[in-house]
Amino acid sequence: MFDLRTVDALILDIDGVLYEGDHALPGAVELVAHLNRKGTPYALLSNNTTRPFSSHTDKLAELGMPVSSTSIVTAARVVAQTLAGEAKPGAQYLVIGELGLVEALEQVGFEVTQTDHRNVEYVVVGMDRQLTYEKLKVAALA
């Protein structure tokens with residue numbers, strides 16, 4: 001058992017640690033309230049690339065855990081920011097994935113397609129609950 005009074009900063013996963021489904025997990029609301037009250041720095045991580053970025057702060061707030069968007073780091077945003085530092089501006093991406101990944105790439109200025117393999121410079125893959133053989137074919141052709 002650790003003592004929160006001795007913690008300088010925390011990094012926590014969101015889904016499955018702070019909440020599961022539509023329910024805050026035991027102690028999560030109190031933990032976030034304590035961190036906010038004490039001004040303890042923290043980062044909340046999500047490897048879920050399906051959800052739009054804003055949905056993370058919205059969901060946490062709904063569950064009684066108001067957090068700043070600057071405290072949230074998502075896999076989709078990290079991928080987009082990393083590629084933004086490496087790819088030429090305006091590069092076209094083919095995405096196998098959902099809204100969270102598409103939105104993150106578009107926000108850093110990339111043109112995103114999910115159906116056309118022509119002129120694609122990168123293929124980015126995240127969770128896609130509507131994955132089809134057609135999507136795989138287009139990605140392979142790209």
Side-chain angles (χ1 to χ4, degrees), residues 2 4-142:
F2 69 93
L4 274 177
R5 292 174 294 188
T6 65
V7 172
D8 294 324
L10 280 176
I11 299 173
L12 300 166
D13 187 33
I14 296 174
D15 190 25
V17 174
L18 295 180
Y19 66 79
E20 194 168 324
D22 290 328
H23 305 286
L25 291 172
V29 171
E30 295 81 5
L31 173 62
V32 172
H34 174 81
L35 296 172
N36 288 336
R37 187 173 53 254
K38 295 293 184 181
T40 304
Y42 61 89
L44 305 179
L45 309 179
S46 175
N47 64 349
N48 184 337
T49 62
T50 65
R51 300 176 65 148
F53 183 80
S54 62
S55 73
H56 294 285
T57 53
D58 294 346
K59 174 88 171 211
L60 290 164
E62 287 171 17
L63 296 174
M65 295 177 271
V67 300
S68 167
S69 63
T70 59
S71 297
I72 297 178
V73 178
T74 67
R77 276 207 163 169
V78 170
V79 165
Q81 290 167 353
T82 300
L83 291 173
E86 296 178 8
K88 67 181 180 186
Q92 187 175 25
Y93 285 76
L94 182 120
V95 173
I96 292 181
E98 297 183 26
L99 184 58
L101 190 53
V102 170
E103 177 187 85
L105 289 165
E106 288 176 341
Q107 286 177 344
V108 295
F110 294 120
E111 184 181 337
V112 175
T113 180
Q114 292 184 293
T115 58
D116 186 2
H117 62 68
R118 294 167 294 168
N119 302 318
V120 168
E121 297 180 56
Y122 299 91
V123 175
V124 180
V125 180
M127 184 174 172
D128 188 335
R129 291 171 288 197
Q130 288 79 41
L131 183 65
T132 63
Y133 284 112
E134 181 63 23
K135 288 181 181 182
L136 292 173
K137 179 184 94 175
V138 171
L141 290 170

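Counting from 1, the numbers follow the sequence of the chain as shown. No experiment lies behind these values; they were computed from the predicted model shown.
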Asks: State, with a plain yes or no, whether a side-chain heavy atom of Asp128 is found less than 4.5 Å away from one of Lys135.
Replies: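 They are in contact (side-chain heavy atoms under 4.5 Å apart), so the answer is yes.
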Asks: Rounded to the nearest 0.5 Å, how far apart are OG of Ser71 and OH of Tyr42?
Replies: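 One finds 4.5 Å between OG of Ser71 and OH of Tyr42.
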Asks: Would you indicate whether the side-chain heavy atoms of Gln107 and Glu103 approach each other to under 4.5 Å?
Replies: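 Side-chain contact under 4.5 Å: yes.
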Asks: Run the side-chain contact (heavy atoms from CB on, under 4.5 Å) check on Leu45 and Ile11 step by step: do they pass?
Replies: CA-CA 7 Å; Leu45 309 179; Ile11 299 173; 3.3 Å; yes
Asks: Taking atom CZ of Phe53 and atom CG of Leu99, what is their separation to the nearest 0.5 Å?
Replies: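 Reported to 0.5 Å precision, the distance equals 13.5 Å.
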Asks: Take Arg51 and Glu98 through the salt bridge (Lys or Arg N to Asp or Glu O under 4.0 Å) test and state the conclusion after the steps.
Replies: CA-CA 7 Å; Arg51 300 176 65 148; Glu98 297 183 26; over 6 Å; no
Asks: Taking atom CD as the centre, does Glu20 end up with more than 12 heavy-atom neighbours from other residues, nucleotides or ligands that are less than 6.0 angstrom away?
Replies: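 At most 12 heavy atoms, drawn from other residues, nucleotides or ligands, come within 6.0 Å of this atom.
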Asks: Please report the shortest heavy-atom distance between Leu18 and Met65, naming the atom on each side.
Replies: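 Residues Leu18 and Met65, closest heavy atoms: O-CE, 3.7 Å.
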Asks: Could you check if a side-chain atom of Leu44 sits within less than 4.5 angstrom of a side-chain atom of Leu60, using non-hydrogen atoms only?
Replies: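 They are in side-chain contact.
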Asks: Looking only at the side chains, is there a donor atom on one of Asn48 and Thr50 sitting less than 3.5 Å from an acceptor on the other?
Replies: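 Indeed, the side chains of Asn48 and Thr50 share at least one donor-acceptor pair under 3.5 Å.
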Asks: Kindly compute the distance separating CZ (Arg77) from OG1 (Thr49), expressed to the nearest 0.5 Å.
Replies: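 Arg77 CZ to Thr49 OG1: 14.0 Å, rounded to 0.5 Å.
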Asks: Using every non-hydrogen atom in the two residues, find where Ser69 and Thr57 come nearest and quote the distance to one decimal.
Replies: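 Looking at all heavy atoms of both residues, the closest pair is CA-CG2, 3.7 Å.
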Asks: Would you mind reporting whether Leu10 and Leu31 have side-chain heavy atoms less than 4.5 Å apart?
Replies: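 Leu31 reaches Leu10 side chain to side chain.
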Asks: In terms of heavy-atom contacts, does CZ of Arg118 have more than 12 from other residues, nucleotides or ligands at under 6.0 Å?
Replies: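 Open.
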Asks: Over all heavy atoms of both residues, which pair between Ala76 and Ala104 is shortest? Give the atoms and the distance, please.
Replies: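 The answer is O-CB, 3.5 Å.
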Asks: Looking only at non-hydrogen atoms, find the nearest pair between Leu94 and Val138 and report the distance.
Replies: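 It is CD1-CG1, 3.3 Å.
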Asks: Taking all non-hydrogen atoms of both residues into account, name the closest pair between Phe110 and Ala84 and its distance.
Replies: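 Taking every non-hydrogen atom into account, CZ-CA, 3.6 Å.
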Asks: Is there a side-chain contact between Ile96 and Gln114, using heavy atoms and a 4.5 Å cut-off?
Replies: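 No. Closest side-chain heavy atoms not under 4.5 Å.
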Asks: Measure the shortest side-chain to side-chain distance between Tyr93 and Glu121 over non-hydrogen atoms and say whether it is less than 4.5 angstrom.
Replies: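 Heavy-atom side-chain distance check fails, nothing below 4.5 Å.
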Asks: Of Leu105, Val108, Val78, which is the lone residue that meets side chain to side chain contact (heavy atoms under 4.5 Å, CB included) with Leu83?
Replies: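 Exactly one candidate clears the test, Leu105.
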Asks: Might you point out which heavy atoms bring Asp8 and Thr40 nearest each other, and give the distance in Å?
Replies: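 Shortest heavy-atom separation between Asp8 and Thr40 comes out as O-CG2, 3.8 Å.
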Asks: Any salt bridge linking Lys137 with Glu134? Criterion: basic side-chain nitrogen under 4.0 Å from a carboxylate oxygen.
Replies: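 Salt bridge flag = yes for Glu134 with Lys137.
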Asks: Does Lys59 reach the main-chain N or O of Gly21 with its side chain, forming a donor-acceptor pair under 3.5 Å?
Replies: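 Yes; judged by distance alone, with no hydrogens or angles, the pair exists.
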Asks: Is the shortest heavy-atom distance from the side chain of Thr113 to the side chain of Val120 under 4.5 Å?
Replies: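 They are in side-chain contact.
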Asks: Can a donor-acceptor pair be found, under 3.5 Å and without considering hydrogens, that links the side chain of Gln92 to the backbone of Tyr122?
Replies: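 Judged by distance alone, no pair lies under 3.5 Å.
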Asks: Decide yes or no for Tyr19 and Ile14: does some side-chain heavy atom of the first lie under 4.5 Å from some side-chain heavy atom of the second?
Replies: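 Yes, close enough: below the 4.5 Å cut-off.
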